[in-house]
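Within every chain, numbering begins at 1; the chains are lettered A, B, ... in the order of the sequence lines, protein sequences first and strands thereafter. In this text, all values refer to a predicted model and were calculated from it rather than measured experimentally.
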Number of protein chains: 2
Amino acid sequence: MARPPRFEISQLLDAAVRLAAEHGPSGVTMSAVAQAVGAPSGSLYHRFAGRPALLAEVWLRTVEGFQEGYFAALRSGDGPRAGGRAASRHVVAWSRTHPQEAALLLYGAHEFGRDDWPEEQLRRADEGNMRVRAAVAALAGALGLHGELGLERVSLAVVDLPLSLVRRHLRGGEPLPAHAEELAEQCTDALLTAG
Amino acid sequence: MARPPRFEISQLLDAAVRLAAEHGPSGVTMSAVAQAVGAPSGSLYHRFAGRPALLAEVWLRTVEGFQEGYFAALRSGDGPRAGGRAASRHVVAWSRTHPQEAALLLYGAHEFGRDDWPEEQLRRADEGNMRVRAAVAALAGALGLHGELGLERVSLAVVDLPLSLVRRHLRGGEPLPAHAEELAEQCTDALLTAG
DNA sequence: CATGTTCTAGAGGGTACTCTCCATATTAAT
DNA sequence: ATTAATATGGAGAGTACCCTCTAGAACATG
């Protein structure tokens with residue numbers, strides 16, 4: 001018993017992703033998103049409580065989409081070492097097939113106005129972070145890398161390093177080179193070797 | 001034969017750095033900088049052609065200040081391997097003593113409106129980038145790491161990896177842990193070992 | 001002291017964006 | 001058909017910011 005929506009939420013978020021990739025988070029204005037899909041600005045405020053809520057949703061949908069495959073990769077393969085390599089590879093491969101979303105990930109939640117997010121979305125973000133931390137800690141334990149220093153080294157190996165590799169290229173506007181997955185895997189492996 | 005300035009350029013840039021570190025590049029507005037030092041907005045336009053010029057100057061002063069010590073570190077030590085380790089260490093140590101400037105570096109020139117910069121400042125930025133590329137290429141050659149893949153691996157080792165380590169902590173608002181330099185050096189060394 | 005130069009001081013126009021509001025339209029269920 | 005629920009469509013108030021512009025203050029030099 002209601003008028004059907006002309007604009008799907010996912011359609012609005014797609015436009016927001018495109019804008020964020022092209023002009024940065026600050027380019028994701030309510031009017032820009034509305035104009036991109038041909039909707040009046042009022043319609044946006046039926047879906048999102050305000051700009052912070054929209055930015056949070058764009059960020060969370062992207063991160064959660066990324067993490068889905070990331071955790072699967074971490075658990076894959078034969079043993080923790082292979083899982084780490086696969087995870088590193090996944091970061092690069094996913095970025096290759098989702099260049100706009102990857103560009104978005106490189107900004108970080110803070111640039112998407114995290115400080116202004118509504119309670120519930122902050123919770124979702126925290127939960128994702130916790131899951132990553134837990135997975136990294138489990139990997140570090142399985143590899144015998146203990147202590148604060150070991151944990152941080154594993155984080156660098158399976159999270160920050162592959163992201164750095166992606167950043168280096170995407171920020172320059174170039175696509176990822178063919179050998180990127182290979183390089184990420186090699187470097188991750190080198191860092192996972194106990195020093 | 002002129003009235004002495006009440007506001008030094010460096011004083012304005014200092015305020016801009018503080019604002020950028022706290023609120024991001026978008027927080028560096030002309031009025032915010034003016035208000036931070038107690039100057040009228042008009043005075044800012046005597047020093048800088050406009051907002052893009054101010055942002056460019058903030059970025060360039062910071063990057064050039066950082067690079068000064070970075071190149072010295074790269075050339076220091078005994079052989080290329082030690083130079084790479086020292087450079088990695090320098091990134092972390094400099095970030096520790098210059099937390100605000102480091103936060104600024106983590107954003108990247110693009111976020112500081114690089115696309116709108118005046119010609120001359122674009123040139124300065126390019127020159128800095130070229131010097132880094134050349135130094136990294138020289139290091140890769142001395143280490144016997146050849147080809148596109150080797151070059152990129154060395155870049156990751158002595159530039160992106162230590163920056164990632166810094167980013168992980170500073171973006172969370174925490175200071176760098178005591179062992180950060182040590183960890184950076186170890187990881188860089190692991191990556192500089194030919195795979 | 002007179003002069004020319006550089007700077008301060010701050011008002012205000014122009015622009016872009018966020019968000020509110022309300023009349024109107026569309027649908028499902030009664 | 002009526003009604004309740006939900007959406008559109010778009011005008012416009014409020015706000016923040018960039019930048020310009022003019023008047024005059026402060027200083028070194030002749």
Side-chain angles (χ1 to χ4, degrees), chain A residues 1-59 107 111-119 121, chain B residues 1-59 107 111-119 121:
Chain A
M1 54 165 112
R3 176 175 182 173
R6 261 191 60 197
F7 308 99
E8 298 291 338
I9 287 194
S10 68
Q11 180 186 3
L12 299 175
L13 293 180
D14 290 345
V17 167
R18 213 162 37 239
L19 287 167
E22 278 176 31
H23 307 108
S26 67
V28 185
T29 68
M30 297 300 261
S31 21
V33 174
Q35 194 181 0
V37 301
S41 73
S43 291
L44 272 177
Y45 288 91
H46 280 273
R47 309 291 197 297
F48 305 102
R51 187 170 179 256
L54 166 64
L55 288 176
E57 209 56 49
V58 176
W59 171 259
Y107 282 109
E111 261 88 344
F112 279 82
R114 193 199 160 109
D115 296 347
D116 304 322
W117 288 1
E119 187 70 25
Q121 290 165 312
Chain B
M1 53 164 110
R3 175 177 183 172
R6 261 191 61 196
F7 307 99
E8 299 289 338
I9 285 193
S10 67
Q11 180 186 3
L12 298 174
L13 293 180
D14 289 345
V17 167
R18 213 162 37 240
L19 287 167
E22 279 177 31
H23 307 108
S26 67
V28 185
T29 67
M30 298 300 263
S31 20
V33 173
Q35 194 180 0
V37 302
S41 73
S43 291
L44 273 176
Y45 288 91
H46 280 273
R47 308 293 196 298
F48 305 101
R51 187 169 179 257
L54 166 64
L55 288 176
E57 208 56 49
V58 175
W59 170 260
Y107 282 108
E111 261 88 344
F112 279 81
R114 194 200 158 110
D115 295 347
D116 304 322
W117 288 1
E119 187 71 25
Q121 290 164 312

**Q** To the side chain of A:Tyr45, which of C:dT8, C:dT18, D:dC19 is closest?
**A**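 Nearest nucleotide to the side chain: C:dT18.
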**Q** For B:Val28, is there any backbone N or O sitting under 3.5 Å from a side-chain donor or acceptor partner on B:Arg51?
**A** yes
**Q** Only counting residues at least two apart or in another chain, list the ones meeting side-chain contact (heavy atoms from CB on, under 4.5 Å) with A:Ala49.
**A** A:Ala53
**Q** Do you know the tightest heavy-atom contact between A:Ser26 and A:His23?
**A** OG-O, 4.0 Å
**Q** Return the residues of residues 12-22 of chain A meeting this criterion: a heavy atom under 4.0 Å from some atom of DNA chain D. Order them by number, or give none.
**A**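 Correct list: empty, so none.
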**Q** Could you state the CZ-C1' distance from A:Phe48 to D:dA7, rounded to the nearest angstrom?
**A**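 Distance check: A:Phe48 CZ to D:dA7 C1' gives 15 Å.
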**Q** How close do A:Val58 and A:Ala16 get, heavy atom to heavy atom, and via which atoms?
**A**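 Of all heavy-atom pairs spanning A:Val58 and A:Ala16, the closest is CG2-CB, 3.5 Å.
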**Q** Provide, to the nearest angstrom, the distance between the CZ atom belonging to A:Phe7 and the P atom belonging to C:dT26.
**A** 14 Å
**Q** Could you tell me whether the side chain of B:His46 reaches within less than 4.5 Å of the side chain of B:Pro5, counting heavy atoms only?
**A** no
**Q** Could you give the NE2-to-C1' distance, from A:His23 to C:dA16, as a whole number of Å?
**A** 15 Å
**Q** Which atom names give the shortest non-hydrogen contact between B:Ala15 and B:Ala36, and what distance separates them?
**A**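 So the two residues come closest at CB-CB, 4.0 Å.
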**Q** Reckon B:Arg47 has a side-chain N or O less than 4.0 Å from the OP1 or OP2 of C:dT8?
**A** yes
**Q** Please indicate whether B:Gln35 has more than 12 foreign heavy atoms, meaning atoms of other residues, nucleotides or ligands, lying under 6.0 Å from its CD.
**A** no
**Q** Can a donor-acceptor pair under 3.5 Å be found between the side-chain atoms of B:Arg3 and the base atoms of D:dC27?
**A**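 Between D:dC27 and B:Arg3, which were checked side chain against base, a qualifying N/O pair under 3.5 Å is absent.
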**Q** Can you name the residues that form a side-chain contact (heavy atoms from CB on, under 4.5 Å) with B:Gln11, not counting sequence neighbours?
**A** B:Phe7, B:Glu8, B:Val37
**Q** Considering residues at least two apart in sequence or located in another chain, which fulfil the side-chain contact (heavy atoms from CB on, under 4.5 Å) criterion with A:Pro25?
**A**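 A:Pro25 satisfies side-chain contact (heavy atoms from CB on, under 4.5 Å) with A:Tyr107, A:Glu111, A:Phe112 only.
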**Q** So, do B:Ser43 and B:Arg6 sit near enough that their side-chain heavy atoms are less than 4.5 Å apart?
**A**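 Of all side-chain heavy-atom pairs linking B:Arg6 with B:Ser43, none is under 4.5 Å.
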**Q** Does the side chain of B:Trp59 come within less than 4.5 Å of B:Gln121's, by heavy atoms?
**A** no
**Q** Between atom CG in B:Leu44 and atom P in C:dA9, what is the gap in whole Å?
**A** 12 Å
**Q** Strictly under 4.0 angstrom, non-hydrogen atoms only: write out the protein contact profile of nucleotides 11-17 of chain D, one letter per nucleotide from the 5' end, B, S or -.
**A** B-----S
**Q** Tell whether B:His46 reaches the base of C:dT6 with its side chain through a donor-acceptor pair below 3.5 angstrom.
**A**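 Result: no qualifying N/O pair found.
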**Q** Taking only N and O in the side chain of A:Ser43, is any of them less than 4.0 Å away from OP1 or OP2 of D:dA7?
**A** no
**Q** Just how large is the angle between the end axes of the helix from C:dC1-D:dG30 to C:dT30-D:dA1, five pairs per end, to 10 degrees?
**A**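 Comparing the first five pairs with the last five, the axes sit 0° apart.
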**Q** On DNA chain D, does the nearest nucleotide to B:Ala49 precede the nearest nucleotide to A:Pro5 from the 5' side, or the other way round? Give the residue.
**A**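 Nearer the 5' end of the strand: A:Pro5.
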**Q** Between D:dG9 and A:Arg6, is there an OP1 or OP2 to side-chain N/O distance shorter than 4.0 Å?
**A** yes
